[in-house]
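Read the structure below first, then the notes.
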Amino acid sequence: MTKPVILAVDDDPEVLNAVERDLRQHFRADYRVIKVGSGSQALETTRQLKQRDSIIALFLVDERMPEMTGTQFLIEALKLYPDARRVLLTAYADTETAITAINEIGLAHYLLKPWEPPSQKLYPVLDDLLEDWTAKVRPAFGGLRVAGVALSPTSYAIKDFLSRNQVPYRWVDLETDAPARELVSSLPEGMSRLPVVFFPDGSHMVQPTARELAERLGMQTRAQRPFYDLVVVGGGPAGLASAVYGASEGLKTILVERDATGGQAGTSSRIENYLGFPGGVSGADLARRATTQAKRFGAEILTAQDVVEIKRNDPYRTVKLSDDNELSCYTVLIAAGMEVRRLDAPGIEDLVGAGVFYGAALTEATTYRNRDVFVVGGANSAGQGAMFFSRYARKVTMLLRGPKLSAGMSQYLVDRIMETKNVEVLTNTAVCSVRGEGRLESIRVRHGVTNEECDMRADAMFIFIGTAPRTSMVAGLVERDGQGFILTGRDLMIDGRPPRGWPLIRDPFLFETSVPGGFAAGDVRHGSRKRVASAVGEGSATVSMIHQYLETV
Ligand SMILES: Cc1cc2nc3c(=O)[nH]c(=O)nc-3n(C[C@H](O)[C@H](O)[C@H](O)COP(=O)(O)OP(=O)(O)OC[C@H]3O[C@@H](n4cnc5c(N)ncnc54)[C@H](O)[C@@H]3O)c2cc1C
């Protein structure tokens with residue numbers, strides 16, 4: 001943690017050096033003393049310090065400076081550091097000004113020059129002020145800060161990206177934090193494009209994309225090798241498991257993930273049925289451990305990269321990324337899982353990120369503390385979401401189309417929901433439309449039996465209405481079922497024969513698609529169990545099929 005700053009400002013170099021010397025002598029151990037020779041320079045320094053999230057504890061400023069007086073400087077500087085203690089250095093003739101400043105800017109003290117001996121005339125005054133300051137001010141965060149406005153889709157996207165990638169950050173709400181608003185307004189882009197991400201070195205990015213942010217944070221977004229044995233598409237449990245096994249067994253392996261490793265499991269607040277974790281494990285924790293494990297074995301993991309197409313160029317496979325780069329390899333494992341189905345109701349699209357969220361949106365929980373939130377859906381993920389938000393929200397209302405909760409949910413979750421006082425379950429209830437100006441305000445629902453409609457006031461709505469496979473990158477290349485799930489192994493066989501166009505004498509391996517060397521595992525695969533453990537099992541088991549395949553190329 002960097003020390004708080006004492007900023008000394010005086011246009012007379014001799015006086016400035018003397019102030020600096022005396023301040024350092026006494027405060028060096030606990031404070032960083034910075035000296036500046038004019039009001040305008042000092043203002044610039046103050047802004048830079050704010051950008052770095054450094055804290056200024058005390059301004060010690062000469063009143064008589066040519067282009068900007070000490071009082072004028074303090075008026076501006078205090079907009080950025082309202083809690084800093086402020087002391088004017090004055091000549092005898094300036095005492096009137098100093099007295100005015102006491103009223104105007106809450107001047108804590110004014111010191112007459114010279115202040116000899118400092119042990120009597122300088123240190124006791126400043127010690128007292130700094131002691132008071134220390135008692136009231138919280139320490140600087142020292143990490144990444146995201147400054148924006150709540151209920152904004154762009155701010156939400158960045159917060160979600162950071163939290164899902166487990167990058168610690170502090171959220172700075174520009175609607176309530178006046179000094180931060182002042183800082184952002186002083187940037188060339190002002191408040192027009194938000195959020196602004198501030199880095200500990202004082203630099204910033206305005207409304208960055210996930211990839212720009214990932215690159216700036218040192219995450220890998222580009223491949224290191226020209227060619228791989230195995231490219232894994234998707235970093236959920238299936239993809240991570242195959243990366244761990246592939247890399248640990250000597251395959252040159254790269255995994256490409258569009259958002260954050262962990263996949264759907266990574267958004268789960270608590271997974272209770274995964275082997276070896278009797279008390280449950282959070283999806284984030286599981287994802288972090290598996291990612292570290294894959295990297296330890298030498299797998300490369302690209303983040304914020306989307307696989308848009310997979311091409312066949314026998315015996316090679318080419319994986320095209322959204323930034324137009326391509327990866328060449330012998331084998332591809334598609335482990336792209338599923339995405340949440342979109343709710344088709346008027347008004348929703350405009351409010352996504354501004355009160356309407358798909359999935360658990362864990363970052364938003366504290367925003368809705370003591371508010372009324374709705375969870376749409378009746379399967380396990382909706383149940384977990386409702387339990388999670390019940391810890392923060394005043395009330396959680398679950399909206400289910402079906403007649404009862406237990407139909408699509410594990411019994412242990414049904415029991416928990418029933419025991420939780422601030423969760424209400426409305427069955428036979430469908431969302432017809434949503435309304436809100438810039439943020440969700442109300443939901444219109446229809447009762448499935450009576451057809452009655454009514455509006456319900458809502459602060460947030462989290463939607464969990466099922467999922468669809470993400471397989472557009474192999475559309476037209478591999479065989480899929482009617483819903484888009486990828487067919488593999490025996491499911492490809494028709495009357496005991498491989499599918500049309502299959503070029504080999506042998507049948508497709510377990511988990512192999514209709515294109516030799518192309519594999520699929522986890523939720524994306526037709527017939528898979530849609531559970532963490534089965535995705536992990538399939539991802540790991542595929543690696544042995546890949547070894548068999550590699551023996552033939
Ligand atoms: C909220 C929630 C709670 C759950 N709780 C449990 C539980 O308690 N127990 C349990 O057993 N199961 C649970 N599940 C189900 C479980 O999480 C899934 O079965 C499992 O995550 C499937 O793993 P997967 O690797 O096949 O796919 P996913 O987890 O869906 O991962 C796929 C990954 O691929 C990435 N991807 C997709 N397309 C591309 C592309 N084109 N380019 C690059 N990357 C791409 C995605 O971003 C994603 O990270 C839960 C699911 C949810 C949503």
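Values in this document were obtained by computation on a predicted structure and should not be read as measured data. Note that these values count all heavy atoms, side chains included, but never hydrogens, waters or copies made by symmetry. We count ligands from 1, going down the list as the structure has it; atoms in each ligand are counted the same way.
Atoms of ligand 1 lying under 4.0 Å from any heavy atom of Asp259, numbered from 1 in the order shown and given with element: 47 (O). Numbered from 1 in the order shown, with element, the atoms of ligand 1 that lie under 4.0 Å from a heavy atom of Thr267 read 1 (C). Of all the atoms in ligand 1, the ones that sit under 4.0 Å from a non-hydrogen atom of Met473 are 41 (N). Atoms of ligand 1 found under 4.0 Å from any heavy atom of Gly235 (numbered from 1 in listed order, with element): 33 (C), 34 (O). Close contacts between ligand 1 and Gly337 involve ligand atoms 27 (O), 28 (P), 30 (O), 32 (C) [criterion: under 4.0 Å to a heavy atom]. Under a 4.0 Å criterion applied to the non-hydrogen atoms of Asn273, ligand 1 contributes the atoms 7 (C), 8 (O), 9 (N), 10 (C), 11 (O). Taking every non-hydrogen atom of Ala260 and a distance limit under 4.0 Å, the qualifying atoms of ligand 1 come out as 49 (O). Less than 4.0 angstrom separates some heavy atom of Gly522 from each of these atoms of ligand 1: 26 (O).
The closest non-hydrogen atom to atom 45 (C) of ligand 1, taken over Arg270, Arg258, Arg525, Lys530, comes from Arg258. Among Gln264, Arg470, Gln384, the residue whose heavy atom lies closest to atom 46 (C) of ligand 1 is Arg470. Between atom 33 (C) of ligand 1 and the options Glu538, Glu257, Met338, the minimum heavy-atom separation is to Glu257. Considering Gly385, Gly359, Ser269, Gly234 only, the shortest heavy-atom separation from atom 34 (O) of ligand 1 involves Gly234. The residue from Gly263, Pro237, Ser381 that puts a heavy atom closest to atom 24 (P) of ligand 1 is Pro237.
What sits closest to atom 40 (C) of ligand 1 on the protein, heavy atoms only, is Asp306 OD1, 3.2 Å. The nearest heavy-atom contact from the protein to atom 26 (O) of ligand 1 is Asp523 N, 2.8 Å. Looking from atom 25 (O) of ligand 1 to the surrounding protein, the closest heavy atom is Ala238 N, 2.9 Å. Among protein heavy atoms, the minimum distance from atom 31 (O) of ligand 1 is reached at Gly236 CA, 3.3 Å. What sits closest to atom 16 (C) of ligand 1 on the protein, heavy atoms only, is Val532 CG2, 3.8 Å.
For the pair Glu215 and Arg222, the salt-bridge criterion is met [side-chain N within less than 4.0 Å of a carboxylate O]. With respect to Arg470 and Glu339, a salt bridge is recorded, a charged nitrogen being found less than 4.0 Å from a carboxylate O. Looking at Arg416 and Glu272, a side-chain N of the basic residue comes within less than 4.0 Å of a carboxylate O on the acidic one, giving a salt bridge. Contact check on Lys159 versus Glu364 returns a salt bridge, with a Lys/Arg side-chain nitrogen under 4.0 Å from an Asp/Glu carboxylate oxygen. Salt-bridge formation is not detected for the pair Arg457/Glu441: no Lys NZ or Arg NE/NH1/NH2 atom is positioned less than 4.0 Å from an Asp or Glu carboxylate oxygen. Taking the charged nitrogens against the carboxylate oxygens, Asp372 and Lys395 have no contact shorter than 4.0 Å, which rules out a salt bridge.
The closest donor-acceptor contact from the side chain of Asn313 to the backbone of Tyr316 lies at 3.5 Å or more, if one exists at all. Ser390 contributes no side-chain N or O that, together with a main-chain N or O of Phe388, makes up a donor-acceptor pair within less than 3.5 Å. Asp173 places a side-chain N or O within 3.5 Å of a backbone atom of Glu175 that can act as its donor or acceptor partner. Using a distance-only test at 3.5 Å, with no hydrogens or angles considered, a donor-acceptor pair links the side chain of Glu300 to the main chain of Gln224. Using modelled atom types, one side-chain atom of Glu257 and one backbone atom of Gly235 make a donor-acceptor pair closer than 3.5 Å.
Of the N or O atoms in Val307, one or more lie within a sub-3.5 Å distance of an N or O in ligand 1. Inclusion of Ala265 in the set of residues having an N or O under 3.5 Å from an N or O of ligand 1 is warranted.
Side-chain contact check for Leu302 versus Gln220: some heavy-atom pair is nearer than 4.5 Å.
At a 4.0 Å heavy-atom cut-off, ligand 1 touches Ala335 through the backbone alone. At a 4.0 Å heavy-atom cut-off, ligand 1 does not touch Thr261 at all.
At least one protein heavy atom sits closer than 4.0 Å to atom 10 (C) of ligand 1. Under the 4.0 angstrom criterion, atom 14 (N) of ligand 1 counts as lacking any protein heavy-atom contact.
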Practice item. Apply the test salt bridge (Lys or Arg N to Asp or Glu O under 4.0 Å) to residues Lys530 and Asp523: give CA-CA distance (whole Å), side-chain angles for both, the deciding distance (0.1 Å), then the verdict. Key: CA-CA 5 Å; Lys530 318 291 183 267; Asp523 280 12; 5.3 Å; no
Exercise for review: Before giving the answer on side-chain hydrogen bond (donor to acceptor under 3.5 Å, both in side chains), spell out for Gln384 and Ser268 the whole-Å C-alpha distance, their side-chain angles and the decisive distance to 0.1 Å.
Suggested key: CA-CA 7 Å; Gln384 285 181 357; Ser268 170; 3.0 Å; yes
Would you sort out whether Phe374 and Phe462 count as a side chain to side chain contact (heavy atoms under 4.5 Å, CB included), showing the intermediate values? CA-CA 6 Å; Phe374 289 73; Phe462 298 91; over 6 Å; no
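A heavy-atom separation below 4.0 Å is found between Gln305 and ligand 1. For Asn380, the closest heavy-atom approach to ligand 1 does not fall below 4.0 Å.
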